[in-house]
Number of protein chains: 2
Amino acid sequence: MFSKSCEYAIKATIYIAEQAGFDKRVGLKEIAQAIDSPEAFTAKILQQLSKNRIVDSVKGPSGGFSMDKKNLEVLKLSQIVKAIDGDSVYKGCGLGFNECSEKKPCPVHYKFKTIRDELRNMLETTSVKDLSMNLNKGLAFLKK
Amino acid sequence: MFSKSCEYAIKATIYIAEQAGFDKRVGLKEIAQAIDSPEAFTAKILQQLSKNRIVDSVKGPSGGFSMDKKNLEVLKLSQIVKAIDGDSVYKGCGLGFNECSEKKPCPVHYKFKTIRDELRNMLETTSVKDLSMNLNKGLAFLKK
DNA sequence: AAATTAAAGGATAATTTTATCCCTTAACAT
DNA sequence: ATGTTAAGGGATAAAATTATCCTTTAATTT
Ligand code: FES
Ligand code: FES
């Protein structure tokens, strides 16, 4: 569904968001531990998230990653997915056509489109804040 | 969503199914052309489909791939997907946990599960026959 | 039976994705 | 100012996926 990069990106963002709730800035090591991901690889992904203004980063001592609390409320899953995997997840053809279109639909088009649109809707309406709150309440986990 | 292998597998099966409607047996070359896929790679996938009894294959002159017309009615997309990609597509966790479970749900679990279950339902109820009929009617295409 | 045909299967290559290493840059602490 | 700290970024490496090549096996045709 999502690439490994995107999975890490979502988990990292949710963790940073949770900590941002306590006005805490968190470092790479802490993030990698919290979401059980390879450190160096996670660093690359955080770079991308930072470039895409999804997270803020500060260098140096007591530096790390954080998020604007206000931005946090409007940030949706779709923005993370789009930043890392592009929009093929909820725009692409189920059978790999370059373009999904009604003009020349692949055999699964009509069956697939429905589900894909629901996925898009879910991603576009699910806010990172909601997810981080469930995490904070112990209703969800970032690693097993 | 699906791997490239799986995409080819689905397209190939649908094409073989369509031709099976005319009691035609089709060769590798013809299939690869019809679905616009690399020949040698497609051969590997057809081997897997054959091993999984999804298609029948006959060697030698006037050999090729075919499908049992009766089996064709009960064959669902899910069987192809399972044979090629396993069941992670509609059983796996959206954020890559080894196991998707309510006991220790990932942050997107409840949002994701709904969609994933609809995908499973779609795959399990969509028959290859239906898809091949649309193809035959010119309502769907296997390549652009 | 022999030749021909087409799938099966093994070995290998190219590409993409995932992951690591190490040096550079910027912020903070002293 | 200087040293320390942590992210940024370039270069590589490992692993998985996608793809090709070539030999073997089995069926048909002659
Ligand atoms: S053309 Fe394949 S999903 Fe729309
Ligand atoms: S635990 Fe992640 S989708 Fe169920």
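Naming convention: chains lettered A, B, ... in sequence-line order (proteins, then strands); numbering from 1 in each chain.
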How would you label the contact of B:K29 with the nucleic acid (heavy atoms, under 4.0 Å): base, sugar-phosphate, or nothing? nothing
Contacts of A:K4 and A:K59 projected onto DNA chain C by closest heavy atom; the upstream (5') one is A:K4
B:S50 vs C:dA8: side-chain N/O to OP1/OP2 distance below 4.0 Å: yes
Report yes if at least one side-chain N or O of A:K51 is closer than 4.0 Å to OP1 or OP2 of D:dG9; otherwise report no. yes
Taking NZ, NE, NH1 and NH2 as the nitrogens, is one of them in B:D56 or B:R25 under 4.0 Å from a carboxylate oxygen of the other? no
Toward the 5' end of DNA chain C, which comes first, A:P61 or B:S57, by nearest nucleotide? B:S57
Would you kindly compare A:V58 and A:K44 by the position of their nearest DNA chain D nucleotide and give the one closer to the 5′ end? A:V58
Which word best sums up how the rings of B:Y8 and B:F41 line up, parallel for under 30°, tilted for 30 to 60°, or perpendicular for over 60°? perpendicular
Does a donor on one side chain and an acceptor on the other come within less than 3.5 Å for B:E30 and B:Y15? yes
A:M1 reachable from A:L131 in the ILVMFWY side-chain graph, under 4.5 Å edges: yes
When you measure from the side-chain N and O atoms of B:Y8 to the phosphate of D:dT18, is any distance below 4.0 Å, counting only OP1 and OP2? no
Taking only side-chain N and O atoms of A:S62, does any of them lie within less than 4.0 angstrom of OP1 or OP2 on D:dT5? no
If only side-chain N and O atoms of B:Q47 are considered, is one of them under 4.0 Å from the OP1 or OP2 phosphate oxygen of C:dG9? yes
